[in-house]
Every structure is written in structure tokens, then in C-alpha cells.
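Here the structure comes first, spelled out in C-alpha cells, and everything after it is commentary.
So that the names make sense, note that chain A is the first sequence line, chain B the second, and so on, each numbered from 1.
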There are 2 protein chains.
Amino acid sequence: MFADPISRLRRFNRAVTSELGVLDNSFLGRGRPLGAARVIHAIGPDGAEVGAIRNTLNIDKALLSRLLKSLITEGLAELHEDPADARRRIARLTPAGRAELDAYNALSDAHARALLDRHPAPGALLEAIDLVASALARDRIGIVPADPRRDAARRCLEAYYEELAHRIAGGFDVTQSCDPDATDMTPPRGAFFLAVSDGLAVGCAGLKGSGGPVAEVKRLWVAPGARGLGLAGRLMRRVEDAAHDLGIATLRLDTNSALPEAVALYRNAGWTEIDRFNDDPYPDIFFEKHL
Amino acid sequence: MFADPISRLRRFNRAVTSELGVLDNSFLGRGRPLGAARVIHAIGPDGAEVGAIRNTLNIDKALLSRLLKSLITEGLAELHEDPADARRRIARLTPAGRAELDAYNALSDAHARALLDRHPAPGALLEAIDLVASALARDRIGIVPADPRRDAARRCLEAYYEELAHRIAGGFDVTQSCDPDATDMTPPRGAFFLAVSDGLAVGCAGLKGSGGPVAEVKRLWVAPGARGLGLAGRLMRRVEDAAHDLGIATLRLDTNSALPEAVALYRNAGWTEIDRFNDDPYPDIFFEKHL
DNA sequence: CATTTTAGTTGACTTAAGTCAACGATCATG
DNA sequence: CATGATCGTTGACTTAAGTCAACTAAAATG
């Protein structure tokens, strides 16, 4: 390439810090020091334990105590006793405090929108952005249980359907496929997991239970920018663990030979190919694994 | 896509600030406050005018004066009078100061290397990094004159040759082509320009003069990650301006139909196709423009 | 050549951020 | 139920960062 990796990364660092700094500088012009603004952000719309705030902000307890006091005298926050432990406090934003949080976010969003709007090819930029973010945040991507009916999960599923439509010859239509009922993919019958990176869902996988000893793995998907990081394997392992905990003895799944990465993953993860076990029109390969 | 652009950008911001922060935190552990470390960096290996430092760091003159004083008492820097204007001072690093600067850079480089090393696909990551950096720093990409024999220019030229080898059917070998002599691409006969983004060269273009009224445009190239930002057009305009200033009346260039973006650019920029004017084996389209 | 401007220095001050130790209230444990 | 640990509060302190105004020396200007 035309320059060594280190200088490319450092140039990236310079570009990013000088351009993206404005997103974090939304606290400027609101007449409040950075520390207090960060605390408002850390409390969040739903409140937070004081200990948790201290943890996320990596701040001394004396300092946090004072910052909270200043927010309280400003009428932006209030402290409540933790009903479970009277030593602990829970910080909540007052309506005025929530308005302040919204104002910060609105400023930051406006900067973000301006940054994207003035770019000639925002699509390509966003794809690269996703890839870099997933790569850098790699170690902080967690697999968490989620409700398949809620926003983040549904966006993943829609992206999954869209990708199937592009990759399977003849397209894909969810309504023609045996779409698992959401209750089959939520406890106690089944489970659903999201791979979450810095608050953004970048992958999913579902366990469709039937109440019996046989269950199915459904909807394994990883966002294009987050591939190559081993997320599909982590999602599968989590699904298998969940199946094991539910007392399921046999797992099955169906897939399509147009998705060779997936097929390879199943083979490497100890799955064995079996005969067709349903009449869904889209899959053409079927696997099974005994737990 | 699976999430809205704003949240994708904000997630990128979180990922980048928490991972890349270490590159900038190289001043930690060297027992010196951030301000002083930034001044050391701003002075740089070659020294800098005090006014220039104040400008790049956006710092109050009283504060800078004190920071410099502390560096001087530490034996890391020294102030010299500007021979041209005795009011001005020029700051230089002592050998100890330069060692300190090197130590900062070494720490930062080590962090950068660790970051790249632990990634499974550093090539793809670096490509995305280049694209994002070029996009974000877009408004700060400058076209600057350069010597085609020096490092940054030669790396661009090599990348250009490599790309030709991939894209032209039958490959490309510089030694078979009429490689312009570097003196033909430097003043007073010609010129050579680099597109520089945050210190990294991301494109080039050369003007090969002959001393007479006809000159050639050579080696127009833009790094893959920096395409779509209008850099080729800016480079061409700069070359044409330089030709005009050198009193050149007619510009010519040769290119290959395997490079349709380039051909389209020339057509749109007022160039007209002409007959072959050399016997170079690689080009198959020829253009001319009267200034 | 007198006046104004500019570049850097210095003293006095403010604010933000953070540390340390002591303390009271509450909880966990033997 | 006595003891020790934990959680948040408070007072006293430090350091970093930055502002303001006065000042000196050296250009620049009319």
C-alpha cells in the first residue's frame, strides 16, 4: 500500500478527533462544565445508581458527590434512597434535567447530521464506519438476551430477510417461510440473542423451542461490517448453551447453500447434515446437533 | 439498513474515542501535564515560531509563555530570537526534548501497532480507515507542490504503477513506459503535486515540461479510499494552473480506456481526444487541451 | 521622529478537576 | 449484638488550565 499502517492509523486518529470532537463538545455553549454534563449523561433518562455512575465515569466518589450536589441545587437531578440498601442512592433527572439531556443529544445529533449531509457518498461512508467501529470495539461486543419483537431485534431480522432476498436465487419472502412465532423464541420455550456493540445491535440468533426435547436454531445473522470477528460462532455457542439450560437434547436448523459461510460454520461447530425435516421452500441443507 | 445513520455515527464515535484514546494518552506515564506535552509536540523536531505554536494549539499567549518556561527549566526546550524580527521567538527542542518527543511517538506507535495486530483482518480495516479518514477530513485535504523523488511522492507513484498493473490488460511495467525524468516534473521545467490529508499523501499529479510551449500531464492518481471527493479534479486544475504560470500553451496526456473514470474526467474538464502522439505501449487514448 | 501596533513576559486571579482523610449511617457476618 | 466493611458526605488541599491587565522591547506607520 501507499503508506505504512501506523501512519495510516495515526492520520485516521487526527481526522477523527478533529471532526468528531464536535459531537462530544455538545456540552459547550450550555454553560456547564464537562464533568456535570457527563454526569447528566450517565444518569440517563431512567436514572442510575450512584455507584454505577461512578463506575462508568471512572470518577472519585468525593468528586461525584459534589457534582451531583451541584446538579441538585440547579434543579436538574434528585437523589433517592435505594429501597434495597439505605446506604445506596439512586440519581434521577428531574423534568428540567431530562430537558437538558435532550438538548445535549439534539446538539450532538445536529452535528452528526451535518457531518453526514455534507458527504457525497454517505452510504459508503457509513459502511466503512460500521466496519471500523466493529473492528475497534471488538472486545466489547457482548451477546445479550433480547425480545425478538422489540426494535433492535426487529431491525436485525429485517436486515436478515433483506439479505436473504438478495442472496438466495429466486428471492425470499418471509410470509412464505415458516416464520417462528415470537413466543417460541422467548423464555420459557426458547430464546433470542443480540450481539451488541456500543449500544448498536450488529447480529442476532434465535432458539425456537416447542416445549419438547427438540428445538431449532433460527435467524442467525451478523451485520456485514461486523463479519470476520467470530460473532456468528459466539452467537451459536450462546444459543446452544441456552438450549442446554432449557433441557433440550437435539437442535436442528435449516439453511441454504447460497450462504456458504453459514454452512461452513455449522460443519466446523460439530453439526451433521441430515435429511430435510420441513417443507419450507427456501432451505436446501439441514443440520442437526445433539447436546 | 439495520439502524439509522445518526446512531451508527454515534456508535462509531464511542468506539473510536474509547479505543483510539490511548494513542493520544501517550503523554500519560511520562509525568508531564497534557499542556506541556502538546507544546513539545507542537514545537516538533525542527522547531517552530512561538506564534505558530499558539496558533496550532489555540492557546492563550500568557499560558503558552508559562508552558514554554516550564519546558525550558526542565531542559527540554530553548528560545531563540527570530533573526528577522527581534520581537518574535523561535522555540527549539534540546536533545533531551527531542528524546522526549521520540518517547511520546514511540508509545503512541506501540499502541497503534497493538491495535492493528490484534485484528483478524488488518487489511480490510485499514482500507475502511482510509476511507473514513478521507471522508471526514475532506475539507482539509490540500494540494501542495512536492518533489517527485521524495518519499511520499514515490509511494504514490508506486501505488499508481501497481494499480495500472492490475487494471490494464496485459499488465504494466514502468521500465517499458516512457517514465518522465524527475527534472522534467520539477520547476522550472514542470511541476508535481500531492493531495495531502492530515499529513498523508492520498493522490498525485505531474506536469512534465520540455522547456517549450507543449507539456504533458502525467501520473494522475488518487488513493482508493479518497475517491469520490473530487480530488482528481482539484489536482488537474492545479496542474493546469501551474502550466499556465509556466507559459505553456498546450497540454497533452495519454491514458488507457481501462480507466474509464479518468477518461470521463478529462472529457468533462474540457479536454479533446486527439491522435496518438507517442509510441508508449500502454496508453490507447490521447487528449489535448489549449490553455 | 513620534505614535501606534505587535510579540512575548509577568503578576494576580478564577475555575475545573481531582485527591486524601475523617466521618456518620447502614449493612453483612460471625 | 459487636465488629468490620461499604456507601455516600464533607472539609481541606493540590494541580492543571486558563483569563485579564499591566508592562517591556521591538517593529511598523504616518
Side-chain angles (χ1 to χ4, degrees), chain A residues 17 21 24-43 47-74 76-93 100 104, chain B residues 17 21 24-43 47-74 76-93 100 104:
Chain A
T17 48
D24 301 321
N25 287 350
S26 54
F27 73 94
L28 293 174
R30 303 232 96 229
R32 192 167 293 112
L34 173 59
R38 288 176 74 205
V39 172
I40 290 180
H41 215 89
I43 297 176
E49 290 178 17
V50 171
I53 298 173
R54 212 172 52 215
N55 214 31
T56 58
L57 296 183
N58 253 315
I59 220 177
D60 181 78
K61 58 181 181 173
L63 180 55
L64 178 56
S65 181
R66 267 181 263 270
L67 287 172
L68 278 170
K69 206 163 102 181
S70 80
L71 290 180
I72 290 166
T73 55
E74 270 193 277
L76 300 177
E78 45 195 21
L79 281 181
H80 304 276
E81 270 197 0
D82 187 332
D85 185 339
R87 292 171 302 181
R88 292 196 194 148
R89 299 285 130 86
I90 293 175
R92 280 188 208 293
L93 295 177
E100 205 57 26
Y104 284 128
Chain B
T17 48
D24 301 320
N25 287 350
S26 54
F27 72 93
L28 293 174
R30 304 231 97 230
R32 193 166 295 111
L34 173 59
R38 287 177 75 205
V39 172
I40 291 180
H41 214 89
I43 297 175
E49 290 179 16
V50 170
I53 297 173
R54 212 172 50 214
N55 214 31
T56 57
L57 295 183
N58 252 314
I59 219 176
D60 182 77
K61 59 180 180 174
L63 181 54
L64 178 56
S65 181
R66 265 181 264 272
L67 286 172
L68 278 170
K69 207 163 99 179
S70 81
L71 289 179
I72 290 166
T73 54
E74 271 193 277
L76 301 177
E78 45 196 21
L79 281 182
H80 304 277
E81 271 198 359
D82 186 332
D85 184 339
R87 291 171 303 180
R88 292 197 193 146
R89 300 284 130 86
I90 293 175
R92 279 188 209 292
L93 294 177
E100 206 56 26
Y104 284 129

Contact string for nucleotides 21-30 of chain D, one letter per nucleotide 5' to 3', B = base within protein heavy-atom range under 4.0 Å, S = sugar-phosphate only, - = neither, reads -----BS---
First and last nt of DNA chain C near chain A, cut-off under 4.0 Å to heavy atoms, 5' to 3', are C:dA16 to C:dC27
So CG of B:Leu28 and OG of B:Ser26: to nearest 0.5 Å the spacing works out to 8.0 Å
Next item on the list: Could you check whether A:Leu34 gets within reach of a base, just the sugar-phosphate, or nothing at all, counting any heavy atom under 4.0 Å?
Entry: sugar-phosphate
Residues B:Tyr104 and B:Phe27: closest non-hydrogen pair is CE2-CA, 3.3 Å
Between the CG atom in B:Leu71 and the CD1 atom in B:Ile40, the distance rounded to the nearest 0.5 Å is 5.0 Å
Between A:Leu64 and B:Leu67, whichever has its closest DNA chain D nucleotide further toward 5' is A:Leu64
Notebook entry, point to check: Across the strands shown, which category fits A:Leu79 at heavy-atom distances under 4.0 angstrom: base, sugar-phosphate, nothing?
Noted result: sugar-phosphate
Please work out if A:Arg54 contacts a base, only the sugar-phosphate, or nothing of the nucleic acid, heavy-atom cut-off 4.0 Å.
sugar-phosphate
Point to revise | Pair B:Glu74-B:Arg32, side chain to side chain contact (heavy atoms under 4.5 Å, CB included): steps then yes or no | key: CA-CA 11 Å; B:Glu74 271 193 277; B:Arg32 193 166 295 111; 3.2 Å; yes
A:Arg88 atom CZ is separated from D:dT6 atom C1', nearest whole Å, by 9 Å
Review point. Is the backbone N or O of A:Lys69 less than 3.5 Å from a side-chain atom of A:Thr73, with the two atoms forming a donor-acceptor pair by type?
Key: yes
By nearest-nucleotide position on DNA chain C, the 5'-leaning member of A:Asn58 and B:Ser65 is B:Ser65
Using a 4.5 Å cut-off on heavy atoms from C-beta on, say whether the side chain of B:Glu81 contacts that of B:Arg89. yes
Walking DNA chain D from its 5' end, the first of B:Arg32 and A:Leu68 to be reached, judged by nearest nucleotide, is A:Leu68
In this structure, CZ of A:Arg66 is separated from CG of A:Asp60 (nearest 0.5 Å) by 8.5 Å
Nearest-nucleotide check on DNA chain C, A:Ile59 vs B:Val50; residue mapping nearer the 5' end is B:Val50
Tabulate below the donor-acceptor pairs under 3.5 Å that side-chain atoms of residues 48-59 of chain A make, not counting sequence neighbours, or state none.
from	atom 1	to	atom 2	distance (Å)
A:Thr56	OG1	A:Ala52	O	3.4
A:Thr56	OG1	A:Ile53	O	3.1

Rounded to the nearest 0.5 angstrom, the CZ-CG distance for A:Arg38 and A:Asp24 is 10.0 Å
